[in-house]
Each structure stands twice: as C-alpha cells, then as structure tokens.
Amino acid sequence: MPVVQPVAPVTLESIELRVLHLPLVSPFTTSFGTESVREVIVVNARTGEGEGWGEIVTQYEPYYSSEYTQGAWDVAQRFLVPALFQARTFAPEDVAGILAPVVGHRMAKGGIELAILDAALRAQGRPLGEYLGAVRDRVPSGVSVGIQRDPAALVDAVRGYLDEGYVRIKIKIKPGRDVADTAAVRDAFGAIPLQVDANSAYTLADADTLAELDRFDLLLIEQPLQEDDLVDHATLARRLSTPVCLDESITSLKAARDALALGSAAVVNIKAGRVGGYLEAVRIHDLCRDAGVPVWCGGMLETGIGRAANAALAALEGFTLPGDISASSRFYTRDIVTEPAVIEEGHVRVPTGAGLGVEIDRVALDDVTVERVELRP
Ligand code: OSB
Ligand code: MG
C-alpha cells in the first residue's frame with residue numbers, strides 16, 4: 001500500500017500572493033451562477049531550499065462555498081502566512097497543524113500548503129505524484145459542461161468534448177434544466193459515461209423530479225442538496241437508484257466519515273482545495289478506499305498549477321471513476337504554465353518532474369495578475 005513518506009523541512013523566507021484574472025474560453029454556468037473570468041489566487045513560497053507554487057481555488061463570489069477570493073486574500077495575509085512565519089522552519093506535513101487555530105478557510109490553507117509542498121519536493125527532486133502515492137502514469141479525462149442556452153446547445157457542446165476524446169461527461173443541472181437536458185444528451189450519444197451535478201440546487205421536496213433521472217442510468221448525481229444536508233442526502237439516496245455523490249458537503253476527513261456513516265454518499269468527489277489541501281485529500285481517499293466507496297477527483301477550473309496536482313492525486317488507486325480532469329484548453333486560451341495539460345487518447349498525463357512537475361510561464365503570469373503582495377517575516 002503506498003504511504004506518504006515525509007519530506008525534509010523547509011525554512012520559509014517570503015510568500016508572494018497574486019490575484020489573477022484569467023478569461024474563460026466560454027462562460028461557465030452552474031446552478032449558482034455564470035463565470036466569464038476565473039479569479040484565483042496563486043501562491044509563491046520562497047524558502048531557503050527553493051521556491052514552490054500553489055493555487056487558492058476560491059471564486060469571486062461565495063456561492064459554491066462560503067470562501068471567496070477577497071476573503072482568502074485577507075485571511076492569508078493577516079492570519080495564515082504570519083502563522084507560518086512564526087513557525088519558520090517546518091515540513092509540509094506540519095502546515096495543516098500550524099494553520100489549525102484558524103477555523104475553516106480550507107481553500108486558503110490548501111493553496112498555501114501546496115506551495116510549501118511543491119518547494120519541499122522540488123528541493124528533493126521528488127514528484128508530487130510519487131509522494132502522494134500515485135499508481136498510474138496517466139488518468140482518464142472528464143469534463144464538466146455548464147448549463148447551455150437550451151438542450152440542443154448542450155448536445156452541441158457535449159459533441160465537441162467527445163470529439164476531443166473526453167471519456168466521461170458531467171452536465172450541470174438545476175431545477176427546470178434537468179430531465180430534458182439529461183434526456184437530450186442520452187438520446188444523442190447513447191451509453192456514454194454520464195453524470196449530473198446540481199450544486200446544491202434542490203431540496204427533498206424535489207425528490208420526485210430527481211427520481212425521474214433514474215431512467216438515464218447515470219454514473220451518479222452530484223450534490224443535489226445543500227452543504228449541511230447530510231441527513232437529507234441519506235433520505236434522498238434511499239429514494240433514488242442513481243448513486244448520490246457528495247461534493248460541497250465533503251469539507252474534511254471528518255465530514256467524509258460522517259457522510260459514509262449516515263449513508264449520505266455512495267460516491268465521493270474529492271477536491272483538495274475544498275478539504276484544505278492534498279494531504280487531507282489523500283486521507284479522505286484512504287478512508288473511502290478502505291470503505292469500498294469509489295472516489296473521483298473534482299476540479300475548480302484550476303490553472304496549470306492545480307491541474308498538475310489534480311492529475312497526481314487522481315492517479316491514486318482509489319480514484320476508480322474518471323474525474324473532472326480536463327485539458328487546460330477546456331477553460332483557458334493561455335495558461336500560466338509552460339506546458340499546459342492536454343488530452344492524449346482520452347487521458348491526461350501525470351507530471352513526472354520534481355514537485356508539481358510544471359514550470360511557470362512568468363510572462364503569462366504577469367499578464368493576468370491584477371493584484372500582488374509580497375509578505376516577509
Ligand atoms: O461543482 O464541481 C463543481 C467548478 C467550480 C465550482 C464547482 C464545481 C466546478 C466544476 C468544474 O464542475 C470542474 C472543473 O474544474 O473542471
Ligand atoms: Mg460539484
């Protein structure tokens with residue numbers, strides 16, 4: 001069984017935070033809103049052993065999660081980074097404990113942890129995938145398709161992704177845009193691996209509508225109810241034949257344990273940002289693997305930084321379902337890494353270089369930076 005082997009400590013010298021605005025190739029619509037520009041924070045940790053990069057995956061508005069970019073920007077500068085400066089020399093495995101006095105803010109913590117982890121691994125020449133326990137050198141692709149103008153437009157969008165080689169399609173749904181949209185995709189493409197994501201848009205009162213989706217033989221329905229609806233998800237799961245998968249609700253290892261104990265999730269979407277980092281993500285993977293619960297790697301429209309780390313995570317043995325693992329070009333015309341992720345034979349390669357295994361394109365990074373701060377002890 002692969003285990004996470006500790007990395008040597010690093011001494012933190014400074015941290016640079018940047019807010020980026022990356023234009024999306026097309027607007028991305030979910031049940032909670034439409035995004036045309038991805039606002040995200042990039043973390044550059046400079047240590048005595050070398051530098052590392054991380055990404056805080058908050059969005060502009062606190063609609064998917066209570067976290068949002070300006071909140072993360074504030075908490076990182078005022079509380080998280082100062083706590084690390086206080087500790088000064090520490091291993092990546094110590095970061096979560098150092099930041100634990102701050103309640104929540106998991107995306108902010110996770111992005112900072114990733115930068116430290118990358119610095120420490122690069123210093124030792126170790127790839128992130130190997131460190132996390134990857135057992136594959138490439139992972140199957142999957143794409144999350146936003147809500148379109150109408151079901152016909154959705155079919156066109158899905159056709160484009162299938163032509164690019166994506167092996168699994170996820171469509172976003174919301175009340176009024178569920179059964180007909182799903183039917184249109186099933187009718188057009190037959191037995192493709194298909195799943196739906198409601199992003200918390202329903203309540204138990206919608207159980208009859210959600211049960212209509214059972215006839216489409218979906219891989220799963222993702223997060224139909226709200227983040228704190230663990231008991232209601234368990235109740236709904238008993239009404240549906242479609243497996244219920246949780247995304248928003250899985251905020252930590254403890255939340256995952258509760259969800260499994262209650263029967264709220266037959267499948268778990270693991271997103272490192274949402275749970276406070278890649279190390280907590282591995283712990284949730286281990287829990288689910290031992291419980292026989294399939295997991296897959298979710299996404300947050302990551303830049304090349306988070307995309308490289310997600311590919312490494314998705315290569316662990318328990319990730320038995322294709323994740324939201326897409327090419328950089330699915331969202332961006334120009335990424336901030338020199339070799340953006342691509343789809344090859346329906347798969348994305350797990351980087352093999354030290355740390356994240358990707359290099360930053362500094363010119364591209366500067367071009368999309370809208371705010372920058374350098375923090376020192
Ligand atoms: O619910 O999985 C989600 C993007 C932003 C916020 C929430 C979600 C998503 C996606 C996109 O579905 C996943 C990706 O990065 O490809
Ligand atoms: Mg989701």
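Atoms within each ligand, like the ligands themselves, are counted from 1 in listed order.
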Ligand 1 to [X] polar contact by distance, N or O atoms, under 3.5 Å:
X      : result
Leu301 : yes
Asn269 : no
Glu248 : no
Met300 : yes

Which segment of [X] sits under 4.0 Å of ligand 1 when only heavy atoms are counted:
X      : result
Glu222 : side chain
Lys170 : side chain
Thr30  : neither
Gln223 : neither
Val143 : neither

Discussion item. So, applying side chain to side chain contact (heavy atoms under 4.5 Å, CB included) with Leu365, which one of Thr369, Asp361, Val363 is it?
Written reply: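 Of all the options given, the one that passes is Thr369.
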Worksheet entry | Of all N/O/S atoms in Asp197, the name of the one nearest the Mg ion (ligand 2) |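 Of all N, O or S atoms in Asp197, the Mg ion (ligand 2) lies closest to OD2.
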Discussion item. Which atom name would you report as the N, O or S atom of Glu222 nearest the Mg ion (ligand 2)?
Written reply: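 So the atom name we want here is OE2.
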Worksheet item: Can we call the ring centroids of Phe28 and Phe331 under 6.0 Å apart?
Response: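 Yes.
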Item to complete: Would you please indicate yes or no on a ring centroid separation below 6.0 angstrom for Tyr166 and Tyr161?
Response: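 Ring centroids of Tyr161 and Tyr166 are less than 6.0 Å from each other.
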Worksheet item: How are the rings of His285 and Phe319 set to each other: parallel, tilted or perpendicular (split at 30° and 60°)?
Response: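 The arrangement is parallel - the two ring planes meet at less than 30°.
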Item to complete: Flag Asp247 as yes if one of its N/O/S atoms falls below 2.8 Å of the Mg ion (ligand 2), otherwise no.
Response: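 Coordinating: yes.
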Practice prompt. Look at ligand 1 and say whether Glu35 reaches it with a heavy atom at a distance under 4.0 Å.
Written response: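 Flag not set, Glu35 not near ligand 1.
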Item to complete: Using the ring of Trp73 (Phe, Tyr or Trp, six-membered ring only), decide whether Arg78 places NZ or CZ under 6.0 Å from its centre and within 45 degrees of its axis.
Response: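 Judged by the rule (NZ or CZ under 6.0 Å from the ring centre, within 45° of its axis), Arg78 is not positioned above Trp73.
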In ligand 1, which numbered atoms sit nearer than 4.0 Å to a non-hydrogen atom of [X]?
X      : answer
Asn199 : 1 (O), 3 (C)
Gln59  : 5 (C), 6 (C)
Lys271 : 1 (O), 2 (O), 3 (C), 7 (C), 8 (C)

Worksheet item: Out of Ser31, Gly142, Gly33, Ser144, whose heavy atom sits nearest atom 11 (C) of ligand 1?
Response: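 Comparing heavy atoms across Ser31, Gly142, Gly33, Ser144, the nearest one to atom 11 (C) of ligand 1 lies in Ser144.
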Item to complete: Considering non-hydrogen atoms only, spot the tightest contact between Met300 and Val57 and give its length.
Response: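 In terms of heavy atoms, the two residues are closest at CE-O, 3.5 Å.
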Worksheet item: In Å, rounded to the nearest 0.5 Å, how long is the span from NZ of Lys271 to CG of Leu313?
Response: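 Reported to 0.5 Å precision, the distance equals 13.0 Å.
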